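Note that the structure is a prediction, hence the values are computed from the model and not measured.
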Amino acid sequence: MSSAEQTFIAIKPDGVQRGLIGPIISRFENRGFKLAAIKLVTPSKEHLEAHYADLKGKPFFNGLIEYMLSGPICAMVWEGRDAVKTGRTILGATNPLASAPGTIRGDFAIDVGRNVCHGSDSVENAKKEISLWFKEGDVVSYKHAQFNWIYEKA
């Protein structure tokens, strides 16, 4: 049984400013995911443009970059079985109005432009985003003390 899939989750400036770092971390911990890296950062415009390069041609791109520059971001790496897919489920739909109650966006957001968090949408993008936000050695590898209580043996 492999539980080593990693995903990148970022709490956006609105989530940081609203004091939601603790409640968001709790959602992932309560689900059984292991925190492998975390930092509070103020990225450069170039860094954010690289992160959102796939959205460059969209009409909202410049506004997104401006918003992401408006305050600190809490960048994290979470690890566990199906971390990317489950992480997106924990976050809820990109548009908070379409997010189910009980999801982070469903509970904490209303506008798509202030949707509290970013989460990797694929394993490939997770690897790319993690390497963009964290240097080699920043992501810690360890066995979670609760591992055997979360995962069945193969």
A.B. asks: Decide yes or no for P13 and R114: does some side-chain heavy atom of the first lie under 4.5 Å from some side-chain heavy atom of the second?
C.D. replies: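 They are not in side-chain contact.
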A.B. asks: For the residue pair H144 and F33, establish whether any side-chain heavy-atom pair is separated by less than 4.5 Å.
C.D. replies: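 They are not in side-chain contact.
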A.B. asks: Short question: side chain of R88, backbone of G119 - any donor-acceptor pair under 3.5 Å?
C.D. replies: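 Yes; judged by distance alone, with no hydrogens or angles, the pair exists.
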A.B. asks: Is the NZ or CZ atom of K12 both under 6.0 Å from the centre of the six-membered ring of Y67 and within 45° of that ring's axis?
C.D. replies: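 Not satisfied by the 6.0 Å and 45° rule.
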A.B. asks: Using a 6.0 Å cut-off, check whether atom NZ of K58 has over 12 heavy atoms from anything other than its own residue.
C.D. replies: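 No.
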A.B. asks: Answer yes or no: is there a donor N or O on one side and an acceptor on the other, between the side chain of T86 and the main chain of A83, under 3.5 Å?
C.D. replies: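 It does not hold such a pair.
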A.B. asks: Do F108 and P96 touch side chain to side chain, with heavy atoms closer than 4.5 Å?
C.D. replies: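 F108 vs P96: side chains apart.
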A.B. asks: Can you tell if the side chain of K45 reaches within under 4.5 Å of the side chain of I65, non-hydrogen atoms only?
C.D. replies: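 They are in side-chain contact.
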A.B. asks: CG/L35 to CD1/I25 distance, rounded to the nearest 0.5 angstrom?
C.D. replies: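 Going from the CG atom of L35 to the CD1 atom of I25 covers 6.0 Å.
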A.B. asks: How many angstroms lie between atom CD of E129 and atom CD1 of I9, to the nearest 0.5 angstrom?
C.D. replies: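 So the CD of E129 and the CD1 of I9 are separated by 9.0 Å.
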A.B. asks: Ignoring hydrogens and angles, tell me if any N or O in the side chain of D111 forms a donor-acceptor pair with the backbone of G113 under 3.5 Å.
C.D. replies: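 It does not hold such a pair.
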A.B. asks: Enter the distance from S141:OG to K34:NZ here, rounded to the nearest 0.5 Å.
C.D. replies: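 Reported to 0.5 Å precision, the distance equals 5.5 Å.
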A.B. asks: Under the 3.5 angstrom rule, does the side chain of R81 hit a backbone N or O of Y151 as a donor-acceptor pair?
C.D. replies: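 Checking the backbone N and O of Y151 against the side chain of R81, no donor-acceptor pair under 3.5 Å is found.
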A.B. asks: Please indicate whether I110 has more than 12 foreign heavy atoms, meaning atoms of other residues, nucleotides or ligands, lying under 6.0 Å from its CD1.
C.D. replies: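 At most 12 heavy atoms, drawn from other residues, nucleotides or ligands, come within 6.0 Å of this atom.
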A.B. asks: How many angstroms lie between CZ in R105 and CG in N115, if you round to the nearest 0.5 Å?
C.D. replies: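 Between atom CZ of R105 and atom CG of N115 there are 4.0 Å.
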A.B. asks: Looking at every non-hydrogen atom in both residues, tell me the closest pair between V116 and A109 and how far apart they are.
C.D. replies: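 It is CG2-CB, 3.8 Å.
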A.B. asks: Linking I/L/V/M/F/W/Y whenever any side-chain heavy atoms sit under 4.5 Å apart, do I73 and V16 land together?
C.D. replies: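 Different hydrophobic clusters.
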A.B. asks: Where the side chain of D107 meets the backbone of P101, is there a donor-acceptor pair that is under 3.5 Å apart?
C.D. replies: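 Such a contact is absent between D107 side chain and P101 backbone.
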A.B. asks: Around E66, counting heavy atoms of other residues, nucleotides and ligands shown, do more than 12 lie under 6.0 Å from its CD?
C.D. replies: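 Count not over threshold, so no.
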A.B. asks: How are the rings of H118 and F8 set relative to one another: parallel (under 30°), tilted (30 to 60°) or perpendicular (over 60°)?
C.D. replies: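 Ring orientation of H118 relative to F8: tilted.
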A.B. asks: Can you measure from NZ (K127) to CD (E5) and round to the nearest 0.5 angstrom?
C.D. replies: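 That separation rounds to 8.5 Å.
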A.B. asks: Report the distance from atom CD1 of I24 to atom CE of M76, rounding to the nearest 0.5 Å.
C.D. replies: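 Reported value, rounded in 0.5 Å steps: 6.5 Å.
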A.B. asks: Between F28 and W78, is the ring centre distance below 6.0 Å?
C.D. replies: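 Distance test on ring centres: under 6.0 Å, yes.
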A.B. asks: Taking the side chain as C-beta and beyond, is there a heavy-atom pair between D121 and V84 under 4.5 Å?
C.D. replies: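 Not in contact.
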A.B. asks: Taking side chain as C-beta onward, heavy atoms only, is T103 less than 4.5 Å from R27?
C.D. replies: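 The answer is no; the side chains never approach within 4.5 Å.
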A.B. asks: Main chain of G22, side chain of S26: is a donor-acceptor contact present, judged purely on distance under 3.5 Å?
C.D. replies: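 A pair under 3.5 Å: yes.
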A.B. asks: Under the side chain to side chain contact (heavy atoms under 4.5 Å, CB included) criterion, do V77 and W133 qualify, and how do the steps go?
C.D. replies: CA-CA 10 Å; V77 177; W133 290 83; over 6 Å; no
